[in-house]
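In what follows, every chain begins at residue 1, and chains take the letters A, B, ... in the order their sequences are listed.
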Protein chains: 4
Amino acid sequence: MNQSKILKDLISDNLVSDPNGARGRLLKEAARLFRDKGYERTTVRDLAAAVGIQSGSLFHHFRTKEEILKAVMVETIRLNTALMQAAVDAAPTSQEKLRALVRAELESVNGQTGEAMAVLVFEWRSLAEESQADVLELRDIYEKLWLDTLESLRQEGRLLADPFVVRRMLTGALSWTVTWYRPERGGLTLDGLTDQTMAMMGFAAGT
Amino acid sequence: MNQSKILKDLISDNLVSDPNGARGRLLKEAARLFRDKGYERTTVRDLAAAVGIQSGSLFHHFRTKEEILKAVMVETIRLNTALMQAAVDAAPTSQEKLRALVRAELESVNGQTGEAMAVLVFEWRSLAEESQADVLELRDIYEKLWLDTLESLRQEGRLLADPFVVRRMLTGALSWTVTWYRPERGGLTLDGLTDQTMAMMGFAAGT
Amino acid sequence: MNQSKILKDLISDNLVSDPNGARGRLLKEAARLFRDKGYERTTVRDLAAAVGIQSGSLFHHFRTKEEILKAVMVETIRLNTALMQAAVDAAPTSQEKLRALVRAELESVNGQTGEAMAVLVFEWRSLAEESQADVLELRDIYEKLWLDTLESLRQEGRLLADPFVVRRMLTGALSWTVTWYRPERGGLTLDGLTDQTMAMMGFAAGT
Amino acid sequence: MNQSKILKDLISDNLVSDPNGARGRLLKEAARLFRDKGYERTTVRDLAAAVGIQSGSLFHHFRTKEEILKAVMVETIRLNTALMQAAVDAAPTSQEKLRALVRAELESVNGQTGEAMAVLVFEWRSLAEESQADVLELRDIYEKLWLDTLESLRQEGRLLADPFVVRRMLTGALSWTVTWYRPERGGLTLDGLTDQTMAMMGFAAGT
DNA sequence: TATGAATGAGGGTTCATTCAT
DNA sequence: GATGAATGAACCCTCATTCAT
């Protein structure tokens, strides 16, 4: 099942907003602004201007600015959970599953459609505590995919460290790429970056 | 050369503020607040209250709030550069040097004295561009320690990935520990966490 | 002529809106909300929600929010003028006329059907000046009933004070009951409250 | 003890703000604006302009706009309680005590210094519920003066109605004078208005 | 008539910064 | 140095009103 099919299904189930609709367009711009300037530095006027409406009109779609942040995070996590699941399902071995997860997360963080993943990671503190609890529930599903894969590798003797710790390290490492990885300037492709990540963990490409 | 000696030297060279002086105390509290609440969410009144003065009085020590952030970063990086250098110098092999660097950075990020390192990483965006240039210069020295060590390991065949990429991955991974590592709740010690980090990269403890 | 007959006549003359119609229902809810929360604190969304429509739809019935306030006042004053007139006509003596007026006004202010009277008194300031002039004209008819009755009592030597002043004092006193009189909690009935009002003025019950 | 002496004592006890100080001047202007335009229609910018400062500066003295309303009410009630107490103490008979209370309340509501009393009465609903509880406590002292006096008259057989009801009626009647009594246009003086009020209750002047 | 998205002015409040004392 | 009142721009959000559908 390819990416656009996954997205289409989520949209028709109302789990993710249609990127062509008013709400979807706003969330996309919000994700971009939040990633680039940070949640705090992004004003509701910035958000409104980015989709060509007045700031007051925002509040037709969302009750508060924070609700926008939450929506960005919730929809991102839903989309990425579905993408990760598909990636894992399609990979035959544990190592390939891991590679697929790394690759998918790098794409989420750095890709054109996925700037919201960086928001999820770096603006977490700006989310109200009540909202954090809601998002954490969704996050658990997502994290389980990682932990199961890492656990398998551990049992196969191909991973020396604790899967839980490794996952958290990888969260930081992969998210952090958003601050420095610039594929457009030539150099490393996303596949190359994935290879490097695997190599850092001692997995040579193609083994 | 132990840590307190290093600190003392830096203080007497006026490279780092005396933590007992007014300026030093403020920077320490600022680092803590910036790490805990973020730069944007920390008000100058918060900063002033933390050291028991009025907000207006802050501006006798620093011209702007951003100058405080910059000072936190500059002094942090000076201190940590000295600490890292000492750590590297004391380690005989490349792998031990790497372990020392990891351990030192984890301590910087999570330790009692070093909360400022997290600020350096996560509040970078809040620093004015002109200030970023200044800090980056200092950072290069610091980064060189890492790159040299990783390069050696690479040449020894013990590291498969590109040192530059690995360093950036480690920056993210190690900084991110501030969001989840809670030694006080029992469990992993800083040494244990260091071991895990090394293990993730394929370096078994004591090899 | 009883109350419902009076109301029916006013409706068929188009002087008061049918409480079963869209306009009448809205005015009734508006009166309740204006009395309970005040005109300023009542939003058009509140008004719309109270009759189960969207806020935009309100403006098919009234050009502005203030027009709703004016309509509440105008219809209230029309209805109450008719009720007062009937009450006065039915009472044989001046004292009984006064009692009937007091009783009728207390009922208007506190009764189930007449919550709008409190609006007329306490939200006067919110009415635009142009509208005030229109309503004042209607009010004069209403006030004349009071003044004529008080004047008679004065001439009979049963009232020591100036009728004009007494009427204004009674306006305040009777309107103010809306803030404290709670018949549902037991205690004073409307008749009892009427007796008390008369007693305050030196008119013993049944004299 | 005359009025200015009473005021001076309250000021030196910090129960009422000095009308020459920043806080006192603001409260005075706030009372005037709240009475003239209503609390809701008065903006913090109006308040600030009335004392010649910027709106942001208001929040140095008061945390919220509502706190200003509360302060107006609290200080008013403190001042008026002291004035009423003095008025009652100075009057020898129950009837004269009542007259003194009526006269004092009329002066509070309509006098130059006392515009705040009208705010206390007519803006009650705008006060947050928690604040209402605080103010009510103060109000009880004030009301007791009235109730004791009315109770005495009742026992002397000079008042037919229930003191509790009479007090509430008088609250409405006397407060309402603010909406229509215009001494400057000639006609009734405050003493004359007091006489009329007493006469309405069957107390001839000088009896 | 009814909807509901959009408007746009203005609301209360925050906050880094200034400055007379 | 320290204070604290004052600034003024900007913030998030509200709300009466409009209008295409």
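Contacts of B/Glu66 classified as side chain to side chain donor-acceptor pair (under 3.5 Å), with partners at least two apart in sequence or in another chain: B/Ser131. In this structure, C/Gln54 has no side chain to side chain donor-acceptor pair (under 3.5 Å) partners at least two apart in sequence or on a different chain. The side chain to side chain donor-acceptor pair (under 3.5 Å) test applied to A/Lys70 returns A/Asp134, not counting sequence neighbours. By the salt bridge (charged side-chain N to carboxylate O under 4.0 Å, His left out) test, C/Arg25 is found to be paired with no residue, residues two or more places apart in sequence or in another chain being considered. In this structure C/Arg78 satisfies the side chain to side chain contact (heavy atoms under 4.5 Å, CB included) test together with C/Leu15, C/Val16, C/Val74, sequence neighbours excluded. Under the side chain to side chain donor-acceptor pair (under 3.5 Å) criterion, A/Gln132 pairs with no residue at all, not counting sequence neighbours.
Counting only residues at least two apart or on different chains, the salt bridge (charged side-chain N to carboxylate O under 4.0 Å, His left out) pairs with a member in residues 11-24 of chain B are B/Arg23-B/Glu75. Applying the ring pair (Phe, Tyr, Trp, His ring centres under 6.0 Å) definition to pairs two or more places apart or across chains, those involving residues 28-61 of chain C are C/Phe34-C/Tyr39.
In this structure, B/Arg41 atom CZ and E/dT14 atom P are separated by 14 Å, rounded to whole Å. Rounded to whole Å, the distance from CZ on B/Phe59 to P on F/dA6 is 18 Å. Atom CG of A/Leu33 and atom C1' of F/dC12 are 16 Å apart (whole Å).
For A/His60, taking side-chain heavy atoms from C-beta onward, the closest of the listed nucleotides F/dA5, F/dT3, E/dA5 is E/dA5.
For the contact set between residues 43-58 of chain C and DNA chain E, defined by any heavy atom under 4.0 Å, the members are C/Arg45, C/Ile53, C/Gln54, C/Gly56, C/Ser57. The stretch residues 62-71 of chain D touches DNA chain E through D/Thr64, D/Lys65, each having a heavy atom under 4.0 angstrom from the strand.
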Task: Strand DNA chain E as a dot-bracket string - pairs counted if Watson-Crick or G-U with both distances under 3.5 Å, | where the partner lies in another strand - done: .||||||||||||||||||||
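Of all heavy-atom pairs between A/Leu58 and A/Val44, the closest is CD1-O, 3.4 Å. The two residues A/Arg125 and B/Glu123 have their closest heavy-atom pair at NH2-OE2, 2.9 Å.
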Kindly list each side-chain donor-acceptor pair under 3.5 angstrom involving residues 45-53 of chain D, sequence neighbours excluded, with atom names and distances?
residue: D/Asp46; atom: OD1; partner: D/Thr43; partner atom: OG1; Å: 3.4
residue: D/Asp46; atom: OD2; partner: D/Lys37; partner atom: NZ; Å: 2.8
residue: D/Asp46; atom: OD2; partner: D/Thr43; partner atom: N; Å: 3.0
residue: D/Asp46; atom: OD2; partner: D/Thr43; partner atom: OG1; Å: 3.3

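Listed pair B/His61 / F/dA2 meets the phosphate criterion, a side-chain N or O lying under 4.0 Å from OP1 or OP2.
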